[in-house]
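Note that ligands are numbered from 1 as they come in the structure, with each ligand's atoms numbered from 1 the same way.
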Amino acid sequence: MKDQLLTVIGGGASGLIAAGCAVMQYRQNFSRGNNIKVQILEKMHKPGLKLGITGKGRCNLSNTAPLDDFIEHFRPNPKFLYPAFNNFFSGELIEFLNQQKVKVKVERGGRIFPQSDSALQVARTLIDWNRKLGVDINTGNAVQSVKWEKNNLYPFKIMVKQKKSIYLSSAVIISTGGITYPLTGSSGDGYKWAQQLGHRLINPLPDLVGLYIDPQLNWDFQGSVSLKNVMITLSLEKDIQHREFGEAQLSKNLFEGPVVLKLSRFAVQALQRKQQVYLYLDLKPALSEKQLDRRLIKEFNQQGSKSAVKILKCLIPLKLVDSCLSQTGVPKHLKGGQLTSIHRKKICQWIKYNRFKVKTCQTPDRAIITAGGVHTDDINPKTMMSKIIPGLFFSGEIIDYAADTGGFNLQAAFSTGWLAGKSSIEYLNSI
Ligand SMILES: Cc1cc2nc3c(=O)[nH]c(=O)nc-3n(C[C@H](O)[C@H](O)[C@H](O)COP(=O)(O)OP(=O)(O)OC[C@H]3O[C@@H](n4cnc5c(N)ncnc54)[C@H](O)[C@@H]3O)c2cc1C
């Protein structure tokens with residue numbers, strides 16, 4: 001019987017699930033075999049800092065979409081995630097959380113949240129679960145390097161920065177996340193080790209991120225404007241267009257909100273290629289230009305004695321009315337009955353076709369996720385073990401996957417963590 005140590009680097013959503021699952025797997029199936037201890041090395045003073053701020057503090061845990069629809073929300077290689085989801089999907093996650101006394105609820109779009117609306121509760125629950133299982137959680141341990149020596153009883157040498165100490169491990173799960181929100185601890189450290197150990201890396205880029213536009217000189221409003229039921233079209237070179245419908249927020253030079261987040265990855269990639277990127281904002285996508293024109297005729301006739309401002313504020317957000325009038329050259333003081341067909345045409349065009357040049361995206365410290373990461377061709381999808389280094393596993397956002405908002409990213413972190421935890425124990429018992 002050998003003494004073995006499994007080290008999970010990173011105590012985020014994925015690492016916490018991986019470590020706990022490893023202990024459960026060991027206790028349930030292998031406790032008569034080798035003597036395996038599990039530890040987490042976490043850089044920050046506390047594990048699960050990012051998990052604790054997810055979903056605006058409410059934690060959108062997962063989504064009720066059936067697997068085939070769920071997987072459609074992932075890129076660039078969704079098939080890679082099938083085995084992880086088949087092992088531990090939304091149903092298993094809900095059951096697991098129920099066992100830990102965390103009840104969940106389902107909201108619009110199938111989004112699953114804890115009933116408490118508390119991301120901190122979810123983070124605390126995972127930490128307590130690990131502690132109860134006897135996982136050694138070492139906080140304030142920023143790993144500096146991971147080395148591997150073939151044919152060694154403890155082939156992994158893990159160097160910790162502050163303490164200048166070395167942990168010798170039999171197997172390692174790297175769950176260090178991506179490059180976004182570095183204040184929560186994820187600053188892309190794991191990518192370097194993965195590359196040094198021979199894995200290919202897809203350039204990590206911010207994803208689900210706001211877009212800065214060239215300031216519109218004559219846009220005239222304070223703070224930000226909430227845009228509901230709008231259509232935004234992202235236009236790239238060679239007439240490539242991507243279109244989304246829903247909600248967005250606009251401040252002087254920044255577009256944010258669900259619609260923009262969905263489009264952001266195309267913009268980020270195009271900007272990387274130094275291409276021109278434009279956003280077209282349609283404030284009334286449910287009406288064609290003709291229908292909108294008819295609506296304007298009706299409003300202007302019926303409310304002939306009211307000012308243009310009063311009439312327009314029923315059609316577009318009040319904060320945008322001044323900009324609309326100044327940019328179309330329609331005098332503010334004109335009454336509905338005084339507006340001409342030329343005024344109408346200009347207003348119609350403004351409502352349906354406002355164009356903005358995208359300058360850049362927000363920096364990684366404001367992005368929700370990282371696209372890119374360790375190449376999925378270098379990881380076995382059935383185990384999450386590296387195809388290059390035996391005993392080395394990856395889980396969570398460090399892997400080259402990215403998904404839409406809606407609970408998909410956390411479920412992927414949980415599912416890949418669960419599979420990596422389970423397979424790492426199976427591996428240790430096989431050697
Ligand atoms: C503001 C915000 C809100 C979000 N909301 C949602 C949501 O509601 N639903 C959803 O599905 N997704 C959401 N996401 C995305 C989701 O949080 C991530 O996809 C998920 O946390 C990834 O989990 P992970 O464990 O792979 O990485 P992380 O959660 O980033 O964890 C990585 C851990 O590794 C540690 N670490 C890093 N480097 C080292 C090192 N050198 N040594 C030791 N430890 C290290 C870090 O400190 C961290 O604890 C949100 C993200 C953000 C930023």
Side-chain angles (χ1 to χ4, degrees), residues 7-19 39-63 70 73-74 90 93 107 109 111-114 117 119 122-123 126-127 137-146 158-163 167 172-194 204 206-210 258 261 362 364-371 373-374 384 394-399 401-418 420:
T7 299
V8 179
I9 310 178
S14 200
L16 285 167
I17 282 272
Q39 69 166 350
I40 293 176
L41 296 180
E42 168 55 49
K43 178 196 222 172
M44 306 303 279
H45 64 284
K46 229 172 128 183
L49 285 184
K50 186 178 277 180
L51 181 59
I53 57 162
T54 51
K56 297 196 172 128
R58 297 175 58 225
C59 188
N60 181 189
L61 290 161
S62 182
N63 196 288
F70 196 101
H73 291 269
F74 284 82
S90 46
L93 176 66
E107 294 192 1
R111 294 173 307 150
I112 304 174
F113 290 88
D117 281 330
V122 178
L126 290 186
I127 297 166
I137 304 180
N138 296 302
T139 52
N141 274 256
V143 171
Q144 198 168 25
S145 64
V146 180
I158 303 164
M159 179 89 134
V160 169
K161 205 171 172 181
Q162 293 94 333
K163 313 202 167 160
Y167 291 91
V172 170
I173 303 176
I174 302 184
S175 317
T176 45
I179 51 168
T180 64
Y181 271 68
L183 284 178
T184 63
S186 23
S187 48
D189 302 1
Y191 297 134
K192 191 176 59 197
W193 318 324
D207 197 346
L208 302 181
V209 66
L261 295 188
Q362 285 180 306
D365 53 328
R366 302 300 305 159
I368 304 288
I369 56 162
T370 306
V374 179
M384 293 293 134
F394 294 98
S395 82
E397 209 174 297
I398 187 172
I399 300 171
Y401 70 73
D404 299 330
T405 54
F408 305 102
N409 287 292
L410 273 177
Q411 180 66 56
F414 294 139
S415 298
T416 53
W418 192 272

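- Listed by number with element, the atoms of ligand 1 under 4.0 angstrom from any heavy atom of Ser175 are 32 (C), 33 (C), 34 (O).
- The number of heavy-atom neighbours closer than 6.0 Å to CZ of Arg58, taken from other residues, nucleotides and ligands shown, is above 12.
- Here is the list of ligand 1 atoms found below 4.0 Å of a heavy atom in Asn141: 42 (N), 43 (C).
- Inclusion of Val143 in the set of residues having an N or O under 3.5 Å from an N or O of ligand 1 is warranted.
- Short contacts between ligand 1 and Glu397, defined as distances under 4.0 Å to a heavy atom of the residue, involve ligand atoms 18 (C), 19 (O), 20 (C), 22 (C), 26 (O).
- Proximity of Tyr191 to ligand 1, defined as any heavy-atom pair under 4.0 Å, is not found for any part of the residue.
- Scanning the protein heavy atoms around atom 5 (N) of ligand 1, the nearest turns out to be Gly55 N, 3.0 Å.
- Inter-residue side-chain proximity for Asn409 and Leu208 is flagged as met; some heavy-atom pair is nearer than 4.5 Å.
- For ligand 1, the atoms sitting less than 4.0 Å from at least one non-hydrogen atom of Asp189 are 38 (N), 39 (C), 40 (C), 41 (N), numbered in the order shown with element in parentheses.
- For ligand 1 and Met44, the ligand atoms under 4.0 Å from any heavy atom of the residue are 47 (O).
- Using a 4.5 Å heavy-atom cutoff, the side chains of Tyr191 and Thr370 are in contact.
- Put simply, the side chain of Gln411 reaches to within 4.5 Å of the side chain of Leu93, judged on heavy atoms.
- Between Phe70 and Phe408, the ring-plane angle classifies as perpendicular under the 30° and 60° cut-offs.
- By the 3.5 Å distance cut-off applied to N or O atoms, Ser14 is counted among the residues near ligand 1.
- To the nearest 0.5 Å, atom CD1 of residue Ile53 and atom OH of residue Tyr181 are 5.5 Å apart.
- Residue Gln411 has no nitrogen or oxygen atom sitting less than 3.5 Å from a nitrogen or oxygen atom of ligand 1, judged on distance alone.
- Residues Leu410 and Asn60 have side chains not in contact (no heavy-atom distance under 4.5 Å, counting atoms from C-beta outward).
- Ligand 1 is approached by Thr184 to a heavy-atom distance shorter than 4.0 Å.
- Looking at Thr180, Leu208, Thr54, it is Thr54 that brings a heavy atom closest to atom 3 (C) of ligand 1.
- Counting only residues at least two apart or on different chains, no salt bridge (charged side-chain N to carboxylate O under 4.0 Å, His left out) pair has a member in residues 45-57.
- The shortest N or O to N or O distance between Tyr181 and ligand 1 is not below 3.5 Å.
- For Leu41, every heavy-atom contact with ligand 1 shorter than 4.0 Å involves the backbone, none the side chain.
- At under 3.5 Å, not a single nitrogen or oxygen of Leu51, backbone or side chain, sits near a nitrogen or oxygen of ligand 1.
- Ranking the protein heavy atoms by distance from atom 31 (O) of ligand 1 puts Gly12 CA, 3.3 Å first.
- Between Asn63 and Ser90 the shortest side-chain heavy-atom distance does not fall below 4.5 Å.
- Not a single N or O atom of Ser395, backbone or side chain, sits closer than 3.5 Å to an N or O atom of ligand 1.
- The proximity of Lys43 to ligand 1, defined as any non-hydrogen pair under 4.0 Å, involves the side chain as well as the backbone.
- Nearest-residue assignment for atom 29 (O) of ligand 1 (options Ala13, Pro47, Gly177; heavy-atom criterion): Ala13.
- Counting only heavy atoms from C-beta outward, the side chains of Thr139 and His45 never approach each other to under 4.5 Å.
- Ligand 1 places these atoms under 4.0 Å from at least one heavy atom of Ala413: 23 (O).
- Every atom of ligand 1 with a heavy atom of Gly396 under 4.0 Å away is listed here by number and element: 26 (O).
- Annotation for Asp207 and Ala402: closest pair OD2-CB, 3.7 Å, computed over non-hydrogen atoms.
- Listed by first and then second residue, the salt bridge (charged side-chain N to carboxylate O under 4.0 Å, His left out) pairs involving residues 181-193 are Lys43-Asp189 (not counting sequence neighbours).
- Under the 4.0 angstrom criterion for non-hydrogen atoms, Ile368 is in contact with ligand 1.
- Residues Ile40 and Leu16 have side chains in contact (heavy-atom distance under 4.5 Å, counting atoms from C-beta outward).
- Counting only heavy atoms of the protein, atom 34 (O) of ligand 1 lies nearest to Gly10 CA, 3.2 Å.
- At a 3.5 angstrom cut-off on N or O pairs, Asn60 counts as close to ligand 1.
- Listed by number with element, the atoms of ligand 1 under 4.0 Å from a non-hydrogen atom of Ala142 are 42 (N).
- For the residue pair Ser14/Ser175, the side-chain donor-acceptor check at 3.5 Å is not satisfied.
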